[in-house]
Amino acid sequence: MNNSTTTHFIRKIIEDDIAQGRCPAGIHTRFPPEPNGYLHIGHAKAICLNFGMATEYQGKCNLRFDDTNPEKEDLKYVEAIQEDVRWLGFDWEDRLFFASDYFTRLFEFAVALIEQGKAYVDALSAEQMREYRGTLTEPGVDSPYRERPVAENLDLFRRMKAGEFADGELSLRAKIDMRAPNLNLRDPVIYRIRRTPHYRAGAAWCIYPMYDFTHCLSDALEHVTHSLCSLEFEDHRPLYDWFIDNLDTPARPRQYEFARLNLEYTVLSKRKLVELVEGGYVRGWDDPRMPTLSGLRRRGFTPHSLRTFCARIGLTKNDTWIDASMLEHAIRDELGVTAPRRMAVLRPLKVVIDNYPDDQEELLDAANHPQDPSMGTRQIPFGKVLYIEQDDFMEDAPRKFFRLAPGREVRLRYAYFITCNEVIKDAASGAVLELRCSYDPATRGGNAPDGRKVKGTLHWVSARHAQLAQARLYDRLFAVANPDQGKQDWKSCLNPASLEILDDCLIEPDLTQAAPEQRFQFERLGYFCADRQDWQPDHPVFNRIVTLRDSWAKMGKR
RNA sequence: UGGGGCGUGGCCAAGUGGUAAGGCACAGGGUUUUGAUCCCUGCAUUCCCAGGUUCGAAUCCUGGCGCCCCAGCCA
């Protein structure tokens with residue numbers, strides 16, 4: 001394959017910083033999720049970037065939980081997030097941090113700001129504050145409390161911390177510029193009173209710092225050099241710099257922004273993902289149709305394929321919608337070389353080989369990978385009664401149909417050439433019940449000694465040896481590429497056929513030995529993964545990760 | 001005449017004054033015991049538009065147009 005990774009703008013910034021000697025201790029990045037939900041493929045882009053840059057330039061990357069809002073956060077998310085990041089293949093070593101661990105130092109920074117006359121305690125209500133802030137086109141107005149003396153601010157702020165005021169009664173604001181064209185600079189609130197216990201800090205605090213104040217200082221405390229975040233924080237950067245410039249911090253981190261990921265046929269906003277789960281549109285956060293890392297994992301995507309995907313979509317500041325085929329390509333590309341091949345019949349059609357001895361059975365050699373002999377071979381049982389795919393038979397077949405049809409000869413993979421002689425149908429419905437065929441004993445293994453060719457090769461299983469299995473076939477969650485874009489309700493765009501469960505699949509006996517999360521290519525069908533939750537040796541469950549490319553199906557659509 | 005960003009093929013994306021990389025997708029062809037893989041081939045006379053500078057512009061200048069983000073005591 002090709003491993004073309006381009007030198008994107010972040011790499012250029014880093015390389016320039018290193019060349020100029022601005023990072024004597026090496027570069028340092030961080031992945032800073034708020035533990036208020038599950039990670040999705042959009043986060044994977046940020047994770048790969050932050051950890052990737054650190055590895056690439058011999059630097060370090062921290063995992064930091066941005067947990068400054070006790071109302072939304074929970075320990076279960078910090079655990080799930082760590083599992084997902086680790087699964088993706090990244091290691092923060094001993095650098096697991098929590099913004100909540102900085103509460104005391106953050107408080108001291110706030111005091112320092114007050115002492116410099118650069119922060120004040122405001123008594124405006126939230127509604128009043130909104131009025132005073134002005135609008136996009138009108139400047140804001142100074143709060144009547146803006147010129148409160150330093151000593152009074154100090155006293156009030158300490159008493160806020162001590163719990164002397166009700167939630168929302170007072171707030172601490174940075175004193176910047178109420179007429180700034182950038183709304184973020186109009187005296188942003190940096191501390192609010194919230195008598196909500198924190199999932200880690202408990203009831204120790206009743207005041208909590210805001211994101212803008214916390215993030216830059218946490219970066220500085222951790223000696224982060226490159227703070228990479230998404231584009232919507234672009235106009236927070238002046239604020240980021242303002243805090244760093246006005247406080248005595250141990251380091252001078254810089255923020256850089258990149259465009260977040262949008263993927264076709266899915267949604268990536270937390271609000272919508274929650275709605276999918278809570279509305280019962282999917283079977284949970286790890287539903288294999290979900291774009292969450294746990295969903296992609298359960299579906300069968302590998303960490304490597306996700307990393308490759310992230311590397312190939314590039315990194316810019318452009319608003320982009322990545323074509324769904326990019327993700328499919330990433331996993332096909334990998335599994336094409338790594339997945340052992342097996343035979344499974346999803347929708348069985350009975351085939352009886354009339355001229356095959358009734359009680360005869362034999363074991364036939366099959367390669368585990370046609371291009372990779374090192375993956376070895378296995379033996380597949382063959383007998384008089386077999387099953388093939390319903391789609392592989394057509395009674396009135398067009399010329400280009402290379403599969404089985406009355407009077408036509410095909411190859412059963414690794415077995416024999418067979419010819420269809422008779423079609424048994426249900427008298428009432430006319431449905432095809434079984435095929436009576438004959439085989440050519442000379443073609444054992446799949447080659448004709450007389451050199452004759454067949455156009456089609458079919459997968460099959462032996463009726464007597466096959467095991468029953470469930471296959472879950474997934475398709476795109478949404479029927480339209482950009483469910484977010486239209487004027488219609490995004491939920492009305494859900495693909496009603498995103499999940500199809502097949503309970504009567506027949507798999508070759510070897511497949512019952514699979515372990516949960518093991519991946520295979522079911523020949524001619526696609527890549528499948530043993531479900532990590534529901535797979536049982538006596539009840540095999542396989543998730544279809546992705547189909548094989550199918551130029552035959554494509555012809556049918558034209 | 002609020003501020004900040006972004007506009008290169010169907011989707012991504014290189015390119016930063018010297019005559020449009022690459023990937024995905026798509027379309028042909030070859031190999032093939034998976035209609036898969038693999039291998040060739042094709043796919044922007046043109047870079048949002050209009051002017052200008054220059055021997056030469058996707059790249060520089062001017063003026064438009066389009067799209068995204070911001071008015072939480074969320075992150």
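Order of the sequence lines fixes the chain letters, A, B, ..., with proteins taken first and strands second; residue numbering starts at 1 for each chain. Because only heavy atoms are used, hydrogens play no part in the values below, and waters and symmetry mates are left out as well, while side chains stay in.
If you measure from atom CZ of A:R271 to atom C1' of B:G72, you get 16 Å, rounded to the nearest angstrom. What separates CD1 of A:I322 from C1' of B:G23 is a distance of 11 Å, to the nearest Å. The NZ atom of A:K455 sits 10 Å away from the P atom of B:U31 (whole-angstrom rounding).
Checked against B:A75, B:A13, B:U37, the side chain of A:Q371 finds its nearest nucleotide in B:U37. When the nucleotides B:G35, B:C12, B:G3 are ranked by their closest atom to the side chain of A:S551, B:G35 comes out on top.
To the nearest whole angstrom, the two P atoms, one in B:C48 and one in B:A13, are 14 Å apart. Comparing the same atom, C1', in B:U8 and in B:C67 gives a spacing of 16 Å after rounding to whole Å. Here, B:G35 and B:G22 have their C1' atoms 28 Å apart, quoted to the whole Å. B:G64 and B:A27 have their C1' atoms separated by 38 Å, given to the nearest Å.
Here A:F157 and A:Y191 bring their ring centres to under 6.0 angstrom of each other. With ring centers used as reference points, A:F103 lies under 6.0 Å from A:Y208. Aromatic ring centroids of A:F520 and A:F528 lie 6.0 Å or more apart. Note: A:Y38 and A:Y77 meet the aromatic proximity criterion, with ring centroids under 6.0 Å apart.
The side chain of A:R192 contributes an N or O atom lying less than 4.0 Å from OP1 or OP2 of B:A75. When the side-chain nitrogen and oxygen atoms of A:N318 are compared with OP1 and OP2 of B:A13, one or more of them lie within a distance under 4.0 Å. A sub-4.0 Å separation between OP1 or OP2 of B:A71 and a side-chain N or O of A:R186 is absent.
Evaluation of A:W552 against the base of B:G35 yields a stacking contact (centre distance < 5.5 Å, interplanar angle < 30°).
The cationic group of A:K317 does not satisfy the cation-pi geometry with A:F258, failing either the under 6.0 Å distance to the six-membered ring centre or the 45° limit from the ring axis. Annotation: cation-pi geometry not satisfied between A:R403 and A:F393 (NZ/CZ under 6.0 angstrom from ring centroid, within 45° of ring axis).
For the side-chain hydrogen bond (donor to acceptor under 3.5 Å, both in side chains) test, no residue two or more places apart in sequence or in another chain qualifies with A:R130.
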Enumerate the protein-to-nucleotides 65-69 of chain B contacts in which both atoms are nitrogen or oxygen and the separation is below 3.5 Å.
| unit_1 | atom_1 | unit_2 | atom_2 | d |
| --- | --- | --- | --- | --- |
| B:C68 | O4' | A:D319 | OD2 | 3.1 |
| B:C68 | O2' | A:D319 | OD2 | 3.4 |

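Listed by residue number, A:R341 are the residues of residues 334-349 of chain A with a heavy-atom contact under 4.0 Å to RNA chain B.
Between the side chains of A:E523 and A:H459, no donor-acceptor pair is found at a separation under 3.5 Å.
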